[in-house]
Protein chains: 2
Amino acid sequence: MSSSSRHSGADLSAAQDRFIAAWGQMGSTWGISRTMAEVHALLYILGQPLCTDDVMARLKISRGNASMSLRALLDWGVVARVHKRGDRKEYFAAEQDVWALTQAILRERVKREIRPVLGALYEIRELTGGRAPSGESERAQRLGEHNRRVDDMIELVRTLEQLSAKLTELPPDALRGTASALQADNDLGEER
Amino acid sequence: MSSSSRHSGADLSAAQDRFIAAWGQMGSTWGISRTMAEVHALLYILGQPLCTDDVMARLKISRGNASMSLRALLDWGVVARVHKRGDRKEYFAAEQDVWALTQAILRERVKREIRPVLGALYEIRELTGGRAPSGESERAQRLGEHNRRVDDMIELVRTLEQLSAKLTELPPDALRGTASALQADNDLGEER
DNA sequence: AAGAACTTTCAAAATGTTCTGAAACCTTGT
DNA sequence: ACAAGGTTTCAGAACATTTTGAAAGTTCTT
């Protein structure tokens, strides 16, 4: 019995649907709307460009929703426009390299979430002065501790930002290398 | 003019409020409810244990909400119960080490989000067979590509999980070290 | 420049999430 | 065992997000 004969044509389609559902679920626990994640999953798992109508039909969503989701995915840089000769429709294709994908997502999340928070933290820090308080009064004491806490948080967020910057600047291949190293390292650890 | 004299008592309180608001904002872009993030921010920035009524009063939220949020924070392991002698109330204190905090959050998110997705991906992978298809037909071809995509995604998610495991197992001090190294490295890069 | 093909926008409706407040439930001291 | 003090639960209200579908906008072709 050949390996492929064990699977009917329905299997592929079913697997695609499950993949889309799983990815949609995942997305919704991350600030990405379920539909947007599903559209991305669809484009990724099919591996071929689709037009708005294809997406609408397969996911059973409205034209407006499909349009919005595709546009957002373009903004995130995880989906690209594709033009087909002799066809006026626009087609959309998902990034197929999962590491490049991860970098794009990371980059976007840093830009949207880390940066603004860091800005707010700096402003907050300035409210209570740039230097350690001089006095030894209880109030000076408390002010000092407060500033220490804000500074700690700033350091943390800055570090996360820098870590992300490092990761997003690396070529995707480098990340793949890191991944295997991590993998090997971990396997070793478990055998001990 | 001394440094501390430039700041009235109102400054500290205002800075605390702004910190709480910023943290709440941040939390809501991450699947954590705004109130839960605010309660955490309050306990962190005050640096002293508070009881349910204190939290209700300062954040102007209902008893039910305060109770739910505190319980969730306990589940996440970022807030601890504190008992005061001669007082029957329970008090709650936030983890003050921001690295330990980060580890707790990472651990919990992996448990809640990465694990289930990985499980789903394995199931999906099994729908289309454990081995590469033998034939060269178009269908076999497509099945092969589909499996490659699912496998890529599995590898990615596994790597993320392992990376997180590494980070959460390290003592917080080690992370602090990594952070400074990253910092120095980056500063160097910018001066070049 | 008119028409056809396609895309984007937007206000209203559907859906989903969070919050409240009162009642039920524990737990401890007398 | 009761009462006082404290915590949790939960159904409904308030709030926020997402989706729809139709209208307006854009761009290409003839």
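Per chain, numbering begins at 1; letters A, B, ... match sequence-line order.
Taking atom CE of residue B/Met36 and atom P of nucleotide C/dT17, one finds them 16 Å apart after rounding to whole Å. Computed from coordinates, the A/Lys84 NZ to D/dC28 C1' distance equals 19 Å when rounded to whole Å. A straight line from CE of B/Met68 to P of C/dC19 spans 9 Å, rounded to a whole angstrom. Atom pair A/Asp54:CG and C/dC6:C1' shows a separation of 13 Å (rounding to whole Å applied). Atom-to-atom, NZ of B/Lys60 to C1' of C/dG21 comes out at 18 Å; the value is rounded to the nearest Å. Per the geometry, CD1 belonging to A/Ile61 stands 7 Å off P belonging to D/dT20, to the nearest Å. The interatomic distance linking A/Leu59 (CG) with D/dT19 (P) rounds to 10 Å, in whole Å. Remark: P of D/dT19 and CE of A/Met56 are 14 Å apart, rounded to the nearest angstrom.
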Which pairs would a plain distance check flag for residues 64-80 of chain A, meaning a side-chain donor or acceptor within less than 3.5 Å of a matching protein atom at least two apart in sequence or in another chain?
from    : atom 1 : to      : atom 2 : distance (Å)
A/Ser69 : OG     : A/Asn65 : O      : 3.0

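Using a 4.5 Å cut-off between side-chain heavy atoms of Ile, Leu, Val, Met, Phe, Trp and Tyr, A/Val82 falls into a hydrophobic cluster with A/Tyr91.
The listed nucleotides are C/dT28, D/dT19, D/dT7; the one nearest the side chain of B/Arg88 is C/dT28. Here the nucleotide nearest the side chain of B/Ser67, chosen from D/dT9, D/dT19, C/dT18, is D/dT9. You'll find that the side chain of B/Arg63 is closest to D/dT7, out of D/dT20, D/dT7, D/dT18. For B/Arg81, counting side-chain heavy atoms from C-beta on, the closest listed nucleotide (D/dT9, C/dC6, D/dT8) is D/dT8.
Heavy atoms from other residues, nucleotides or ligands lying under 6.0 Å from CD of A/Gln25 number 12 at most. The environment of NZ in B/Lys111 is sparse: at most 12 heavy-atom neighbours from other residues, nucleotides or ligands sit within 6.0 Å.
In this structure, B/Val39 is not a member of the same hydrophobic cluster as B/Met56, with clusters built from ILVMFWY side-chain heavy atoms closer than 4.5 Å.
When atom types are taken as modelled, the side chain of B/Glu90 and the backbone of B/His83 share no donor-acceptor pair closer than 3.5 angstrom.
Inspection of the B/Thr128 and B/Asn147 side chains reveals an N or O donor paired with an N or O acceptor under 3.5 Å.
Contact between the side-chain N/O atoms of B/Arg71 and the OP1/OP2 oxygens of D/dT9 is found at a separation under 4.0 Å.
Of the residues in residues 38-53 of chain B, not one comes within less than 4.0 Å of DNA chain C through any heavy atom.
Position along DNA chain C of the nearest nucleotide to A/Gly64 versus A/Asp87 favours A/Asp87 as the more 5'-ward residue.
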